[in-house]
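Notes follow the structure.
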Protein chains: 2
Amino acid sequence: MYRDRIRLPSLLNKVMSAEQAALLIQDGMTVGMSGFTRAGEAKAVPHALAQRAKVTPLKISLMTGASLGNDLDKELTEAGVLARRMPFQVDSTLRKAINAGEVMFIDQHLSETVEQLRNAQLKLPDVAVIEAVAITEQGHIVPTTSVGNSASFAIFARQVIVEINLAHNPNLEGLHDIYIPTYRPTRTPIPLVKVDDRIGSTAIPIPPEKIAAIVITHQGDSPSTVTPPDNDTQAIADHLIEFFKQEVAAGRLTNKLGPLQAGIGNIANAVMCGLIDSPFEDLTMYSEVLQDSTFDLIDAGKLSFASGSSITLSSRRNADVFGNLERYQDKLVLRPQEISNHPEVVRRLGIIGINTALEFDLYGNVNSTHVCGTRMMNGIGGSGDFARNAHLSIFVTKSIAKGGAISSVVPMVSHVDHTEHDVDILVTEIGLADLRGLAPRERARVVIDKCVHPSYREALNQYFEAACKLGGHTPHILRDALSWHVNLEETGRMLAV
Amino acid sequence: MYRDRIRLPSLLNKVMSAEQAALLIQDGMTVGMSGFTRAGEAKAVPHALAQRAKVTPLKISLMTGASLGNDLDKELTEAGVLARRMPFQVDSTLRKAINAGEVMFIDQHLSETVEQLRNAQLKLPDVAVIEAVAITEQGHIVPTTSVGNSASFAIFARQVIVEINLAHNPNLEGLHDIYIPTYRPTRTPIPLVKVDDRIGSTAIPIPPEKIAAIVITHQGDSPSTVTPPDNDTQAIADHLIEFFKQEVAAGRLTNKLGPLQAGIGNIANAVMCGLIDSPFEDLTMYSEVLQDSTFDLIDAGKLSFASGSSITLSSRRNADVFGNLERYQDKLVLRPQEISNHPEVVRRLGIIGINTALEFDLYGNVNSTHVCGTRMMNGIGGSGDFARNAHLSIFVTKSIAKGGAISSVVPMVSHVDHTEHDVDILVTEIGLADLRGLAPRERARVVIDKCVHPSYREALNQYFEAACKLGGHTPHILRDALSWHVNLEETGRMLAV
């Protein structure tokens with residue numbers, strides 16, 4: 001059944017139950033697990049670990065690529081397993097524990113975690129748990145639907161547990177491109193100059209004797225929860241496509257645009273879907289997560305190549321894509337997140353980065369993570385890796401939330417993830433603000449004119465006018481700058497009705 | 001007199017007065033000038049332009065490498081010449097005009113200005129004014145004490161004015177390494193893998209017919225205003241050197257440390273001076289500005305190579321260094337600021353970046369630019385280029401200012417230039433906070449214990465404890481978060497005595 005998936009015979013005797021394998025993980029250890037945006041996470045061992053912890057309490061520091069599926073972060077949180085967690089999550093139970101100060105969450109640029117491990121600035125994983133479709137004749141690990149940080153975790157860990165997941169199509173093999181930068185001071189350039197360059201190996205090269213356990217599983221990834229475009233996300237897509245047309249007309253982009261990066265979620269997905277009926281051709285993606293829209297664009301003949309670190313699909317697309325992978329095989333590559341998000345590559349390729357803001361302010365500072373400056377939503381993820389070095393750094397959000405109680409455009413953001421220096425274009429359903437080459441006072445005028453919901457425009461304009469009277473390069477009334485957030489916390493609305 | 005400095009004879013007839021040359025600059029134009037941290041700026045033409053504007057008003061958009069010397073920004077501001085200014089400045093008169101909203105200042109990461117020009121996202125310069133020691137047989141321009149953005153300005157401008165400055169030692173020729181990244185989508189890796197690699201040409205290659213005017217000048221750069229270390233800056237240096245020793249002991253650094261970058265100013269200079277009597281050997285710099293301390297370290301046999309974009313010296317060191325340049329010639333290179341600050345190179349080389357904070361907060365967010373969130377000091381400069389991708393991102397500041405009226409460590413910074421994600425180490429004269437791998441609540445404890453001045457420690461601790469009771473990943477009391485800054489504006493002190 002699984003013997004063709006373990007092609008190095010000497011490893012066959014490492015097959016054991018998840019419970020047995022999980023015993024390699026001891027209280028106080030640092031563990032690196034596969035998994036990036038609900039794709040390709042190790043499934044059986046963390047589940048077994050949580051079950052054990054209910055009887056025999058233990059705590060670990062858990063690193064992954066990004067978020068896990070199959071409610072594993074919930075299960076691990078409820079079992080009290082997580083002392084520390086990095087670099088990203090999206091689970092509501094874990095989020096509560098993080099915000100209560102019960103789990104120490106280290107929110108990181110997704111390109112940086114393994115760099116910090118490589119430099120011994122974080123504690124190296126004792127054990128890595130990596131989901132795989134196969135182990136090669138050399139004992140190398142073939143990942144499944146994500147690469148994430150799996151390769152470096154396996155290289156750095158003393159012991160590696162491999163979960164061979166029979167639910168994944170074995171023809172995922174060949175899709176991955178594992179490239180690991182060398183140690184400084186003799187590091188050389190990353191030799192990737194086109195989105196479809198292959199620069200590494202198709203499996204994770206580790207000495208097979210590090211594989212301490214192999215667990216056989218048969219469980220799918222969780223489907224993504226992306227919803228179809230609504231009127232607002234469609235309007236955002238329309239504004240952005242109109243902007244791209246103007247950039248082409250001005251000679252600043254070609255009809256191929258540039259390599260596209262899109263964050264997770266409904267708005268970015270809607271923008272990508274909007275490209276299906278656009279005049280642009282021969283598009284490419286150099287992104288983190290390949291979502292439904294990636295495959296819709298390929299099917300429509302619009303997208304010629306997509307590079308990512310994971311494939312995360314809805315129930316609608318999952319069976320079709322993975323059941324017909326040969327249709328996409330020459331148009332896809334999955335890379336370590338260090339490479340999919342690497343500043344060197346992002347700057348070189350000239351990526352068009354489209355990410356979601358929680359809120360942004362008059363001057364173009366963006367909050368991607370903290371509700372009212374304090375409560376973590378998910379994490380910065382890769383947004384900073386792309387926004388800093390992109391050819392165009394675009395942030396999208398609906399102009400209001402909670403039925404209008406919240407404006408996504410505020411006088412001063414309550415937390416800054418992306419500074420004014422790293423934000424070119426802001427888009428809401430109201431319109432698009434092009435901030436390139438503008439000073440703060442000019443930015444504010446454009447943001448007020450183009451992005452703010454009409455019910456907040458007058459109030460924001462009054463704030464700005466009054467702030468300008470006080471002076472400053474970036475005018476603010478410090479006493480009132482966060483008052484909209486204070487109102488929200490105290491009355492449930494940013495402004496009195 | 002100057003004929004040996006203009007080695008392409010056909011250009012000799014382009015020699016004219018500064019007044020004549022300045023006539024090439026018309027009202028409404030965008031002008032790119034040489035000059036980076038008071039080094040190598042064009043001197044005569046901007047002066048002539050300011051003189052003319054007093055009689056015949058005109059406004060331009062002025063781009064430079066960084067700050068200008070010889071009070072040129074003051075003179076241009078007073079003459080009303082500056083409509084727009086980017087990407088950095090340090091002049092008090094210009095600063096006032098920026099904060100009054102009279103000059104639109106675009107504060108940029110120093111590595112990004114020419115990238116945005118190359119992509120036509122900023123208006124290209126109509127005219128470039130470049131200070132040079134010579135024009136070669138090919139008509140190429142040999143810069144003086146800085147490269148900055150000069151090469152790209154000369155390449156992008158329709159017309160180029162060259163100021164041949166006879167006050168500069170002609171043996172500056174050979175010091176520069178001009179490398180220009182190619183246009184996307186066919187851009188290749190920057191082939192720089194060691195601080196002393198030379199990857200470009202020693203002069204700026206432009207078609208000589210673009211040289212529309214040559215002006216002969218004889219005026220030195222302004223000396224830097226760096227002061228010797230005081231007790232506080234010495235204490236900061238001592239903390240940092242002790243930290244480096246611990247990093248070496250832990251095997252995370254070698255005795256050579258890593259390529260060092262130091263921001264402008266007294267604190268960074270004091271830190272570099274502190275290395276003279278340290279146990280570290282064979283040091284290198286990959287920085288923006290080479291200051292007095294660079295040459296003191298070379299003289300002490302501690303520093304084997306320094307790469308920068310400019311040389312800015314005090315009166316103490318200026319004559320000695322430039323009068324004996326042959327002593328340093330094989331240990332120095334000056335590069336375009338796009339390359340000295342390039343994220344690709346910074347990440348590859350593993351730089352130790354040391355920059356100055358105006359203030360930082362409990363969680364490690366850093367404000368480098370805005371007094372009380374509104375009034376621009378100088379600009380972000382290159383600090384973000386280095387902090388984001390450095391092996392170690394270090395920010396230094398004295399713990400208090402204005403005789404104790406201001407704490408440099410605050411509950412929430414009033415403006416964010418560097419987010420918690422990009423800050424590893426914070427140092428004041430009180431101590432050093434190592435924030436690597438810590439969650440926000442853990443960061444706050446370390447910052448309070450290590451960095452805060454005793455007179456503010458209790459108040460900051462009270463804020464943090466009260467904020468933690470409200471919960472959140474990054475606890476804050478939004479109503480009070482900026483109250484220290486409000487107090488400062490209203491009473492002249494952050495806290496009541």
Side-chain angles (χ1 to χ4, degrees), chain A residues 98-101 104-109 116 119-122 184-185 187-191 193 251-252 343-344 347-350 365 370 372-376 380 384 388-389 391 414-417 419 421 436-439 441-442 468 470-476 478-479 481-482 485-486 489, chain B residues 98-101 104-109 116 119-122 184-185 187-191 193 251-252 343-344 347-350 365 370 372-376 380 384 388-389 391 414-417 419 421 436-439 441-442 468 470-476 478-479 481-482 485-486 489:
Chain A
I98 289 168
N99 286 321
M104 292 294 102
F105 177 54
I106 297 92
D107 175 28
Q108 297 190 306
H109 297 301
Q116 291 179 22
N119 300 325
Q121 296 184 314
L122 298 173
R184 300 166 180 148
R187 188 175 296 174
T188 48
I190 299 171
V193 298
R252 285 192 289 265
E344 171 174 339
R347 180 86 165 240
R348 181 180 303 146
L349 296 181
N365 299 288
H370 283 68
C372 280
T374 59
R375 293 188 299 284
M376 172 57 60
I380 193 168
R388 171 64 62 89
N389 287 303
H391 168 76
S414 56
H415 179 90
V416 177
D417 291 292
T419 74
H421 309 288
R436 292 175 295 176
L438 299 185
R441 288 172 190 235
E442 298 170 314
C468 284
L470 298 180
H473 174 62
T474 303
H476 270 301
L478 279 196
R479 192 176 269 284
L482 298 175
H485 299 89
V486 172
E489 292 205 315
Chain B
I98 289 168
N99 286 321
M104 292 294 101
F105 177 53
I106 297 91
D107 174 28
Q108 297 190 305
H109 297 302
Q116 292 180 22
N119 300 325
Q121 297 183 314
L122 298 173
R184 301 164 181 149
R187 187 175 296 175
T188 48
I190 299 171
V193 298
R252 286 191 288 265
E344 172 175 338
R347 179 85 165 241
R348 182 181 302 146
L349 295 180
N365 299 287
H370 283 69
C372 281
T374 59
R375 293 187 299 284
M376 172 57 60
I380 193 168
R388 171 65 61 90
N389 288 301
H391 168 76
S414 56
H415 179 91
V416 177
D417 291 293
T419 74
H421 309 288
R436 293 175 293 175
L438 299 185
R441 288 173 189 233
E442 298 169 315
C468 284
L470 299 180
H473 175 61
T474 303
H476 269 301
L478 280 196
R479 191 176 271 285
L482 298 175
H485 300 89
V486 173
E489 292 204 315

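Chain identifiers are assigned alphabetically (A, B, ...) following the order of the sequence lines, protein sequences preceding nucleic acid strands; residue numbering begins at 1 within each chain.
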Given A:Cys372, A:Ala481, A:Pro191, the one with more heavy-atom pairs under 4.5 angstrom with chain B than any other is A:Cys372

Relative to chain B, which segment of A:His415 carries a heavy atom at a distance below 4.5 Å: side chain, backbone, both, or neither? side chain

Closest heavy-atom pair and its distance - B:Thr188, A:Val193: CA-CG1, 4.2 Å

Portion of A:Ile190 that has a non-hydrogen atom of chain B nearer than 4.5 angstrom: backbone

Tell me every residue that passes side chain to side chain contact (heavy atoms under 4.5 Å, CB included) with A:Arg479, counting only those two or more places apart in sequence or in another chain. B:Val486, B:Glu490

Over all atoms of both residues, closest heavy-atom pair of A:Asp417 and B:Thr419: O-CG2, 3.6 Å

Say whether, by atom type as modelled, one donor and one acceptor occur between the side chain of A:Arg375 and the main chain of B:Gly471 under 3.5 angstrom. no

Among B:Arg388, B:Arg441, B:Glu442, who wins on heavy-atom pairs under 4.5 Å with chain A? B:Arg388

Hey, which of B:Met376, B:Gln121, B:Arg252, B:Arg436 has the most heavy atom pairs under 4.5 Å with chain A? B:Gln121

Applying a strict 4.5 Å limit to non-hydrogen atoms, the region of A:Leu122 in contact with chain B is side chain

Please state whether the side chain, the backbone, both or neither of A:Ala100 comes within less than 4.5 Å of a heavy atom of chain B. backbone

If one checks every heavy atom of B:His485 against chain A at 4.5 Å, the contacting part turns out to be both

At a heavy-atom distance under 4.5 Å, which candidate from A:Glu489, A:His476, A:His391 has the highest pair count against chain B? A:His391

Between A:Leu478 and chain B, which part of the residue has a heavy atom less than 4.5 Å away: side chain, backbone, both or neither? both

Output for pair (A:Leu482 CG, B:Leu482 CG), nearest 0.5 Å, gives 5.0 Å

What is the minimum heavy-atom distance between B:Thr474 and A:His370, and which atoms define it? OG1-NE2, 2.7 Å

What residues form a side-chain hydrogen bond (donor to acceptor under 3.5 Å, both in side chains) with B:Gln116, not counting sequence neighbours? B:Gln108

Check for a donor-acceptor pair, side chain of A:His421 on one end and backbone N or O of B:Asp107 on the other, with a separation under 3.5 Å. yes

Heaviest contributor of heavy-atom pairs below 4.5 Å to chain B, chosen from A:Asn365, A:Leu470, A:Asn119, is A:Asn119

B:Cys468 versus chain A, the contacting section by heavy-atom distance below 4.5 Å: neither

Nearest heavy-atom neighbours spanning A:Arg184 and B:Asn389: NH2-O, 4.4 Å

Can you tell which part of B:Arg187 gets under 4.5 Å to a heavy atom of chain A, answering side chain, backbone, both or neither? both

Could you pull out the closest heavy-atom pair between B:Ile106 and A:Gly437, with the gap in Å? CG1-O, 3.6 Å

